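Reminder, nothing fancy here: chain letters follow the sequence lines and each chain counts from 1. Every value quoted in this text rests on a predicted model; they were computed, and no experiment measured them. These values consider heavy atoms only, across backbone and side chains, with no hydrogens, waters or symmetry-generated copies.
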Amino acid sequence: MLTLALLRAKTEEVKKGLAIKNFGQPELVDEIIKLDDERKALQRDRDEAQMQMNIASKEIGAAFQSGDKAKAEELKAKTAQLKDDIKVLSEKHDAALEAMNAKLILLPNMPHPSVKPGKSAEDNETIHQEGDIPEFSFEALPHWELAAKYDIIDFELGNKITGAGFPVYKGKGARLQRALIGFFLDRATDAGYLEIQPPLVINEESGYGTGQLPDKDGQMYAIPEDKLFLIPTAEVPVTNIYRDVMLKEDELPKKNAAYSACFRREAGSYGKDVRGLNRLHQFDKVEIVQIAHPDKSYAILEEMKDHVAGLLRDLKLPFRILRLCGGDTSFTAALTYDFEVYSAAQKRWLEVSSVSNFESFQANRMKLRFKDKEGNTSLLHTLNGSALALPRILAALLENYQTETGIYLPDVLKTYTGFDSI
RNA sequence: GGAGAAAUGGCAGAGUGGUCGAAUGCGGCGGUCUUGAAAACCGUUGAUCCGCAAGGGUCCGGGGGUUCGAAUCCCUCUUUCUCCGCCA
């Protein structure tokens with residue numbers, strides 16, 4: 001969430017930022033500041049009453065110790081009114097605080113100055129494209145047909161065991177998945193990321209910390225009996241490692257990478273978007289996360305963007321990078337780059353990575369701070385990106401590398417798969 | 001799953017109703033000494049909220065309660081440890 005300091009210091013800029021994010025209630029900003037003013041006034045009164053109470057208590061204690069019971073009892077009688085005042089003021093204070101937080105949590109993150117206005121994916125800006133789009137001299141098959149033809153992914157079997165969106169990978173399909181995970185993790189390790197194997201199930205506090213809760217709980221699979229959720233991405237458990245943490249400046253940046261299965265309900269999706277591997281309820285992903293000094297987070301965002309580009313380059317997949325417009329940038333992000341690969345038989349771009357700087361938006365919720373060399377504490381910046389999400393990479397690999405005699409995979413994967421072709 | 005014990009500052013560890021935000025030790029930081037370092041000695045060292053400041057409020061696993069007053073008493077939740085059972 002945004003800091004009150006920002007709302008107060010840059011009220012009008014915040015409202016402009018909200019407009020770029022297509023957030024329609026700019027009046028919330030003023031309401032929040034007003035509630036905070038009320039809260040502060042209430043705190044002053046309450047603290048004053050509490051101080052009087054503390055003084056009275058000490059006097060009573062002193063009276064008892066000097067054996068003056070009568071005086072003690074007399075003082076005691078006077079504390080009743082104070083006690084009542086404190087109770088009332090505390091309740092009012094807490095109510096104002098709660099009302100303020102309830103509104104504050106509704107505000108999305110501020111967009112970075114480079115983020116342009118826009119309503120939807122249509123308005124995203126392509127900032128880079130590279131790689132050759134394959135041409136076929138034969139009729140190229142979409143990946144779901146290739147998967148059936150070579151018997152490497154069984155969608156029907158997944159339907160039987162669980163339901164739609166839970167495919168079963170078999171033989172070389174399973175091995176290829178494992179190869180991609182190994183490849184992505186090794187590359188992350190080479191880039192200085194510490195590999196993490198996080199829990200796949202999270203509690204409410206963690207969901208709140210990264211912003212999935214309270215509003216997006218419908219997108220996660222829930223285990224209500226235990227108040228737990230299946231992770232929609234490793235971002236949640238990995239970033240929450242740093243919840244309520246105070247880092248030292250010289251520990252920065254923290255770089256973590258994690259492979260995990262990801263679970264998403266994806267309610268309301270339909271049609272060609274969900275065909276084959278395009279959109280699943282369970283999928284694999286390697287995620288990279290960094291905790292950065294506020295002055296360095298945008299340089300680090302570029303570094304992470306380059307890391308992801310390097311992976312796609314080595315897989316020799318044609319890809320493009322988009323800078324998301326205000327309307328398509330997520331609630332929690334300040335700036336997001338999406339990576340899309342071209343899947344040659346479907347003839348469409350598929351999103352395979354999203355790399356974002358959340359600035360202090362998540363850190364503020366999580367109380368993730370650092371102490372600088374002067375001893376001042378301030379919020380850190382959090383960033384993350386997919387590096388990479390597997391299913392659509394798999395789809396593009398199958399489609400783009402198909403020939404009439406088989407699917408010949410890119411060289412970098414051979415040491416991981418142990419085979420050249422499918 | 002059954003029985004018992006515990007949770008205090010960066011760490012270790014005192015404190016069982018009043019001046020305790022909290023002894024002491026270690027660690028950290030600053031200094032004296034030293035050619036430099038170590039040792040020794042001296043000082044300092046939590047977070048957060050309100051306030052221009054002075055100052056004040058809150059925090060001893062989380063939440064609630066008793067009391068004029070709670071780290072200390074009560075309830076509850078969570079976590080950890082020990083023993084038994086089960087088990088990849």
inquiry  = Return the pairing partner of B:C41 with a 3.5 Å limit on both distances, Watson-Crick or G-U wobble; otherwise return none.
reply    = B:G31
ask   = Which is true for A:Ile60 with a 4.0 Å heavy-atom rule: it touches a base, it touches only sugar-phosphate, or it touches nothing?
value = base
inquiry  = Using the side-chain hydrogen bond (donor to acceptor under 3.5 Å, both in side chains) criterion, which residues pair with A:Arg46? Sequence neighbours excluded.
reply    = none
inquiry  = From CG of A:Asp94 over to P of B:G63, roughly how many Å is that when rounded to an integer?
reply    = 12 Å
ask   = Of all heavy-atom pairs between A:Cys325 and A:Pro117, which one has the smallest distance, and what is that distance?
value = CB-O, 4.0 Å
task = Could you state the atom-to-atom distance from CE of A:Met246 to C1' of B:G9 in whole Å?
result = 13 Å
request  = Any strand is fair game: report the nucleotide pairing with B:U67 by Watson-Crick or G-U wobble, both distances under 3.5 Å, or none.
outcome  = none
query = Across all strands, who's sitting opposite B:U58 as a Watson-Crick or G-U wobble pair, both distances under 3.5 Å?
reply = B:A47
request  = Keeping to residues at least two apart or across chains, list the side chain to side chain donor-acceptor pair (under 3.5 Å) pairs with something in residues 150-163 of chain A.
outcome  = A:Asp151-A:Lys170, A:Asp154-A:Lys170
note = In numerical order, the residues of residues 28-51 of chain A whose heavy atoms come under 4.0 Å of RNA chain B are A:Arg39, A:Lys40, A:Gln43, A:Arg44, A:Arg46, A:Asp47, A:Gln50, A:Met51
key: Span that lies between the C1' atom of B:A71 and that of B:C60, in whole angstrom   = 5 Å
query = Atom CE of A:Met53 to atom P of B:G56: distance rounded to whole Å?
reply = 18 Å
inquiry  = Please evaluate residues A:Glu204 and A:Lys227 with respect to the criterion salt bridge (Lys or Arg N to Asp or Glu O under 4.0 Å), reporting the C-alpha separation (whole Å), side-chain torsions for both, the decisive distance (0.1 Å), and the verdict.
reply    = CA-CA 7 Å; A:Glu204 288 176 318; A:Lys227 290 187 181 160; 5.3 Å; no
ask   = Is there a Watson-Crick or G-U wobble partner for B:G17 with both distances under 3.5 Å, and which nucleotide is it?
value = none
task = Provide the distance between the two P atoms, one in B:C73 and one in B:U19, to the nearest whole Å.
result = 16 Å
ask   = Is B:A3 paired to anything, Watson-Crick or G-U wobble with both distances less than 3.5 Å, and if yes, which nucleotide?
value = B:U82
query = Are A:Asp36 and A:Arg39 close enough, and set up right, to give a salt bridge (Lys or Arg N to Asp or Glu O under 4.0 Å), and what steps lead you there?
reply = CA-CA 5 Å; A:Asp36 192 44; A:Arg39 198 209 104 241; 2.7 Å; yes
Protein-nucleotide distance (A:Gln52, atom CD; B:G69, atom P), rounded to Å = 15 Å
query = Between A:Lys15 and A:Asp30, does at least one N-O distance fall below 4.0 Å, as a salt bridge requires?
reply = yes
message = When you measure from the side-chain N and O atoms of A:Ser57 to the phosphate of B:U67, is any distance below 4.0 Å, counting only OP1 and OP2?
response = no
ask   = Which whole number of Å gives the distance between the C1' atom of B:G4 and that of B:C11?
value = 28 Å
query = Should A:Asp37 and A:Lys40 count as an ion pair when the cut-off is N to O under 4.0 Å?
reply = no
key: Ring centers of A:His293, A:Phe370 separated by less than 6.0 Å   = yes
Protein-nucleotide distance (A:Lys371, atom NZ; B:G28, atom P), rounded to Å = 16 Å
ask   = Relative to the 5' end of RNA chain B, which residue comes earlier, A:Arg369 or A:Lys83, by the nucleotide with the nearest heavy atom?
value = A:Arg369
inquiry  = Quick check on B:U48: is either OP1 or OP2 less than 4.0 Å from any side-chain nitrogen or oxygen of A:Lys367?
reply    = no
task = To the nearest Å, give me how far apart NZ (A:Lys76) and C1' (B:G18) are.
result = 13 Å
key: Whichever of A:Asn54 and A:Phe64 has its nearest RNA chain B nucleotide further upstream toward 5'   = A:Phe64
ask   = B:G9 and B:C59: how far apart are their P atoms, nearest whole angstrom?
value = 15 Å
